[in-house]
Amino acid sequence: MVNFVDKAGGCLKILDVDSSPTVVQRGQVCLYIFFLVMSNLSTIKPKYFDVRKYGAVDDGKTDNSQAFLDAWKEACQWKGTARVLVPRGTFKLYPVIFSGPCNGPIAFLIKGTLRATTNPSTFSAHSWINFRYIDQLTVTGGGTLDGQGASAWHLNNCKTNPQCQALPVSMSFDFITNARIEYIRSYDSKNAHFKIFGCYNMDFRKIKISAPADSPNTDGIKIGSSYRIRIARSTIATGDDCVAMLHGSRKIHISKVVCGPGHGISIGSLGGNDKEDDVVGVIVKNCTFMGTDNGVRIKTWASPYSSKASNFTFQDIFLDDVLNPITIDQEYCPNPPCNQQTSSNVQIRDVTYKNIWGSSSSEVAVSLRCSKTWPCKNVLLDSIKMSYSNPRGRLRSFCNYAKGSSYGSQSPPSCL
């Protein structure tokens with residue numbers, strides 16, 4: 001039985017516990033090691049799958065969907081570390097689904113620009129680019145997603161049409177584990193830029209998102225039914241929430257994000273449907289809000305559907321000319337009139353606002369509008385230092401069915 005290999009006197013000795021050392025010829029051992037190393041190279045050294053070799057054309061006009069899918073299929077089947085390469089250039093892409101599981105870690109390297117179609121017949125797809133059922137995924141490369149949203153925004157009539165068909169999300173992640181999404185730019189999405197569902201352990205870093213302030217439903221990053229999602233060092237300027245955490249979001253950490261324009265960073269809306277999963281454990285730290293409609297916000301519908309939202313920390317946040325800096329809204333009604341015959345049945349508790357400063361463009365800088373049925377519990381205001389953009393106005397706070405306490409400086413004066 002071999003215990004270890006030792007090198008001595010120019011030869012290799014294989015030492016066995018049951019026999020005396022034997023000398024093996026160097027050539028035999030080197031040959032063995034050579035085959036051993038070569039058999040592991042496929043695992044150690046990544047193999048590249050360039051989409052151009054599968055027929056992709058970077059003219060911005062040709063439909064490259066099949067070429068991309070062919071490259072993905074071979075990369076996913078590779079028994080080792082695979083890299084799908086999108087080189088510099090502009091590649092038009094119809095809706096595609098990159099599905100796993102794959103045989104090893106896989107990266108999607110975007111060096112150039114991916115351009116979405118403006119063909120309305122393709123808008124019925126849930127997503128433009130969709131990654132599904134993959135472990136150890138990386139999406140990076142410094143490239144760009146061009147959603148061409150201006151071609152479709154006029155079709156968004158969901159505010160007036162309950163039967164509306166949602167436009168496609170630029171990039172969706174469904175049931176992804178252990179992933180990194182970094183150094184990607186997304187602009188002018190038709191719907192949300194990035195959407196995360198049923199995922200575990202994902203890092204978003206150095207993401208740049210942009211869309212006009214009046215573009216409808218262009219959320220930056222939407223998270224639902226996912227665990228351990230981290231977003232850091234990113235810039236989000238869009239027409240809806242910079243980050244939205246929907247039901248089932250747990251252990252979410254957001255830091256060093258610059259948000260604006262947009263609707264702020266939101267938990268919710270919650271309570272709009274029956275049997276929603278709880279939202280637990282959200283930290284938003286060291287973030288900046290520039291001219292947004294909201295700052296940090298928790299929003300729930302006034303409905304009979306019950307769930308819980310708890311353990312939230314909003315800390316070290318700067319707000320510049322923000323309309324509603326700190327908001328809990330348990331009477332959420334984006335398109336009035338709403339049928340609010342009952343109060344919200346979402347229990348909000350254990351919420352900390354700490355070291356938040358800047359300027360409010362509205363008179364009410366702190367609004368804690370909680371549920372009569374389930375009042376907010378253990379809300380903490382610690383060192384809130386806001387000023388009013390209107391030099392003639394007086395800043396104030398508003399509390400309704402909110403229970404908690406305040407510490408340190410409070411501007412506006414605390415209503416807790």
Side-chain angles (χ1 to χ4, degrees), residues 95 116-130 145-174 184-197 204 207-226 229 231 234-249 254 257 259-273 276 279 289 291-301 323-324 327 329 332-336 338:
T117 173
T118 58
N119 185 345
S121 67
T122 67
F123 296 170
S124 59
H126 168 267
S127 301
W128 171 29
I129 302 168
N130 188 193
L145 309 178
D146 177 5
Q148 300 223 86
S151 67
W153 291 330
H154 68 282
L155 299 175
N156 187 323
N157 63 344
C158 293
K159 288 186 176 181
T160 57
N161 177 19
Q163 306 301 320
C164 70
Q165 180 174 303
L167 296 170
V169 173
S170 282
M171 184 172 282
S172 290
F173 301 92
D174 297 323
I184 295 294
R185 182 189 178 199
S186 174
Y187 68 91
D188 290 353
S189 59
K190 294 182 177 69
N191 196 310
H193 292 260
F194 297 95
K195 189 173 182 180
I196 306 162
F197 178 79
F204 286 76
I207 304 297
K208 186 173 183 179
I209 293 171
S210 63
D214 60 352
S215 56
N217 298 115
T218 53
D219 297 82
I221 301 175
K222 295 184 77 169
I223 306 169
S225 300
S226 297
I229 309 298
I231 303 169
S234 297
T235 301
I236 305 175
T238 187
D240 211 309
D241 293 330
C242 291
V243 181
M245 290 156 278
L246 309 179
H247 69 90
S249 298
I254 301 168
V257 167
C259 170
H263 295 178
I265 293 179
S266 296
I267 296 171
S269 56
L270 307 176
N273 298 285
E276 289 185 352
V279 178
F289 297 79
T292 52
D293 288 354
N294 304 282
V296 289
R297 176 170 60 155
I298 304 171
K299 50 183 177 176
T300 76
W301 293 93
L323 186 61
N324 301 298
T327 304
D329 183 4
Y332 179 64
C333 177
N335 304 308
C338 294

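Note that these values count all heavy atoms, side chains included, but never hydrogens, waters or copies made by symmetry.
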Q: Kindly indicate, with the supporting measurements, whether the criterion side chain to side chain contact (heavy atoms under 4.5 Å, CB included) is fulfilled by I265 and D241.
A: CA-CA 6 Å; I265 293 179; D241 293 330; over 6 Å; no

Q: Write down the atom of G295, the atom of F289, and the distance for their closest heavy-atom approach.
A: O-CE2, 3.4 Å

**Q.** Side-chain touch F194/F173, heavy atoms, less than 4.5 angstrom
**A.** yes

Q) Looking only at atom types and distance, does a side-chain atom of K190 sit under 3.5 Å from a main-chain N or O of F123, one as donor and one as acceptor? A) no

Q. Looking only at heavy atoms, what is the nearest atom pair of R185 and S210, with distance?
A. NH2-OG, 3.9 Å

Q) Between D240 and T238, do the side chains contain an N or O donor and an N or O acceptor separated by less than 3.5 Å? A) no

Q: Could you check if a side-chain atom of I207 sits within less than 4.5 angstrom of a side-chain atom of I231, using non-hydrogen atoms only?
A: no

Q: Output yes when K195 and D219 qualify as a salt bridge under the 4.0 Å nitrogen-oxygen rule, no when they do not.
A: no

**Q.** Nearest-0.5 Å distance that lies between atom CE in M245 and atom CG in L270
**A.** 10.0 Å

Q) Taking C-beta and beyond as the side chain, do V257 and I236 meet within less than 4.5 Å on heavy atoms? A) yes

Q. Is a donor on one side and an acceptor on the other found under 3.5 Å between the side chain of S124 and the backbone of T122?
A. no

Q) Rounded to the nearest 0.5 Å, how far apart are OG of S170 and CD1 of I129? A) 7.0 Å

(Q) Under a 3.5 Å cutoff, is there a donor and acceptor pairing between the side chains of S269 and W301? (A) yes

Q | Which atom of P261 lies closest to which atom of T292, heavy atoms considered | A | C-CG2, 4.3 Å

Q.
I'd like to check the side chain to side chain donor-acceptor pair (under 3.5 Å) partners of S186; sequence neighbours left out, ordered by chain and number.
A. H193

Q.
For S127, give me all partners under side chain to side chain donor-acceptor pair (under 3.5 Å), at least two apart in sequence or on another chain.
A. S172

Q: Under the side-chain hydrogen bond (donor to acceptor under 3.5 Å, both in side chains) rule, what do T327 and D329 come out as? Steps first, then yes or no, please.
A: CA-CA 6 Å; T327 304; D329 183 4; over 6 Å; no

Q: Determine yes or no for a side-chain-to-main-chain donor-acceptor pair under 3.5 angstrom, with E276 supplying the side chain and G271 the backbone.
A: yes

Q | Side chains of P334 and Y332 in contact at under 4.5 Å (non-hydrogen atoms) | A | yes

Q. Under the 3.5 angstrom rule, does the side chain of S266 hit a backbone N or O of A244 as a donor-acceptor pair?
A. no

Q.
My understanding is that only one of I184, I254, I196 makes a side chain to side chain contact (heavy atoms under 4.5 Å, CB included) with F204; could you say which?
A. I196

Q.
Counting neighbours of NZ on K299 that are heavy atoms of other residues, nucleotides or ligands and sit closer than 6.0 Å, is the number greater than 12?
A. yes

Q) In Å and rounded to the nearest 0.5 Å, what is the OH to CD distance from Y187 to Q148? A) 7.5 Å

Q) With side chains defined as the heavy atoms from C-beta onward, is the minimum distance between T218 and N191 less than 4.5 Å? A) no

Q) Can you find a pair of side-chain heavy atoms, one from M171 and one from S189, that are under 4.5 Å apart? A) no

Q. Just checking, is any N or O donor in the side chain of N324 or N294 under 3.5 Å from an acceptor N or O on the other one?
A. yes

Q.
With side chain to side chain contact (heavy atoms under 4.5 Å, CB included) as the criterion, how do S225 and H247 come out once you've worked through the C-alpha distance, each side chain's angles and the decisive distance to 0.1 Å?
A. CA-CA 6 Å; S225 300; H247 69 90; 4.2 Å; yes

Q | Close side-chain approach of D188 to P212, heavy-atom, < 4.5 Å | A | yes

Q: Find out whether L246 and I223 are in side-chain contact, i.e. whether some heavy atom of one side chain is under 4.5 Å from a heavy atom of the other.
A: no

Q.
Which residues pass the salt bridge (Lys or Arg N to Asp or Glu O under 4.0 Å) test with D146, not counting sequence neighbours?
A. R115

